[in-house]
Amino acid sequence: MSVSHIRYRRLGYLALNVSDLERSRAFYTDVVGLTDDGAGSADRVYLRCSDKHHDLLLVRGDVPGVKRAAWQMESRDALESARAHFTEIGLALRPVDAAECRDLGIEEAFRIGEPTTGVVFEFYATMAELAPFVPTHTDIQRLGHIVLSSTDRPATEAFLREHMNFRVSDRVENIVSFMRCFPNPLHHSLGVGGGTRIGLNHINFMVSNIDDIGRAYHRVKANGVKIVYGPGRHPPSDSIFLYFLDPDGMTVEYSFGMEEFPEVGAREARLLPAKLESLDSWAAVPDPEFGKHGELERLPAESAA
Ligand SMILES: CC(C)c1ccc(C(=O)O)c(O)c1O
Ligand SMILES: [Fe+2]
């Protein structure tokens, strides 16, 4: 079956395992600027930067990293197309039970383990809406993207293209592929970096104003948070960026601006040369800690029937 019916609305939410829930909750609210409606429990906190139920879920866990990345599909039909395709290619699908769906504010969902990295992807069509997001110190526009590190970047990219209907917007030769969840117009909602580890590279929040980047530069320093890259300008998506570390050492990016693609007639993906200037036209040099921390939680083994 063709994957063309697997169509996305957006990167829905990210779930992170964090070693100290209260410390991370304080960081993502006070420093990053997400809001907490208090709907969590002793071991999980729901945070948002949109009118949706949540954009970031923090879960108490021994191994900090990505619990899962969740994709909101364009429609129920698109969700069913994804389910049918993954079943056809023999992937194990894990339905999310009704109680957990209720807790997450979503209607119906299932999860897979992406075969080349093991990252858990969740798919759902609808999430509950709450009151409009009220920005605090930073006008966060949306949860932007996640970049994963893969030991076989071409294979991870190929799975996303061939089985998830993602499109490549740009590649930096042998370093990273930037992919959009078609037909979402944003240059990338997912990046796949190459290298010697499988894990999280960074998560991204897009901000509404260049001043949000400038203010963040001073705010994170005043809070003793380590800046690991930038400020700078990314040539691939044409965005201005700043990266800093969360309390578990995971890299968080703020970015301002991003190229958007039409559904029909989009430009071809470019291949940028493997040099620092392809990542930052202002020539900042990343700190060695940039993109180094955060494991990928795997799907639990299937219980015997
Ligand atoms: C340095 C990282 C991998 C990077 C490079 C370029 C962009 C972009 O064009 O938006 C990013 O978002 C990145 O995270
Ligand atoms: Fe990024």
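Just follow the structure's listing: the first ligand is 1, and inside any ligand the first atom is 1. Values reported hereafter were calculated over all heavy atoms of this structure, with side chains retained and with hydrogens, waters and symmetry mates removed. What you see is a predicted model; the values in this text were computed from it and never measured.
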### Summary
Residues at least two apart in sequence or cross-chain that pass salt bridge (Lys or Arg N to Asp or Glu O under 4.0 Å) with Glu74, listed by chain then number, are Arg7
### Message
With a 4.0 Å cut-off on N to O distance, would you call Arg102 and Asp97 a salt bridge?
### Response
no
### Query
Does ligand 1 have any atom that is closer than 4.0 Å to a heavy atom of Phe178?
yes
#### Entry: Atoms of ligand 1 close to His202 [distance to a heavy atom under 4.0 angstrom, numbered from 1]
13 (C), 14 (O)
### Task
Mind listing the protein N/O/S atoms less than 2.8 Å away from the Fe ion (ligand 2)? Waters don't count.
His145 NE2, His202 NE2, Glu253 OE1
### Message
Under the rule for salt bridge (Lys or Arg N to Asp or Glu O under 4.0 Å), what residues qualify as partners of Glu297, not counting sequence neighbours?
### Response
Lys67
Can you give each donor-acceptor pair under 3.5 Å made by side-chain atoms of residues 224-232, sequence neighbours left out, with the distance rounded to 0.1 Å?
from, atom 1, to, atom 2, distance (Å)
Lys226, NZ, Asp287, OD1, 3.4
Lys226, NZ, Asp287, OD2, 3.4

#### Entry: Taking atom 1 (C) of ligand 1 as the reference point, the nearest protein heavy atom with its distance
Tyr243 OH, 3.7 Å
#### Entry: Polar contact flag, side-chain donor to acceptor under 3.5 angstrom, Asn204-Ser255
yes
### Message
Under 3.5 Å between any N/O of Asp238 and any N/O of ligand 1: does that happen in this structure?
### Response
no
### Query
Salt bridge between Glu263 and Arg167, side-chain N to carboxylate O under 4.0 Å?
no
### Query
Which residue owns the protein heavy atom closest to atom 10 (O) of ligand 1, what's the atom, and how far is it?
Ser237 OG, 2.6 Å
### Query
Quick one: does Arg48's side chain have a donor or acceptor within less than 3.5 Å of a partner on Ser50's backbone?
yes
### Query
Out of curiosity, is His187 lining ligand 1, as in a heavy atom under 4.0 Å away?
no
### Task
May I ask you to check whether Arg233 and Ser281 show a side-chain donor-acceptor distance below 3.5 Å?
no
### Query
Closer than 4.0 angstrom: is that true for some heavy atom of Ser239 and an atom of ligand 1?
yes
### Message
If only side-chain N and O atoms count, and only distance matters, is there a donor-acceptor pair under 3.5 Å linking Asp248 with Ser19?
### Response
yes
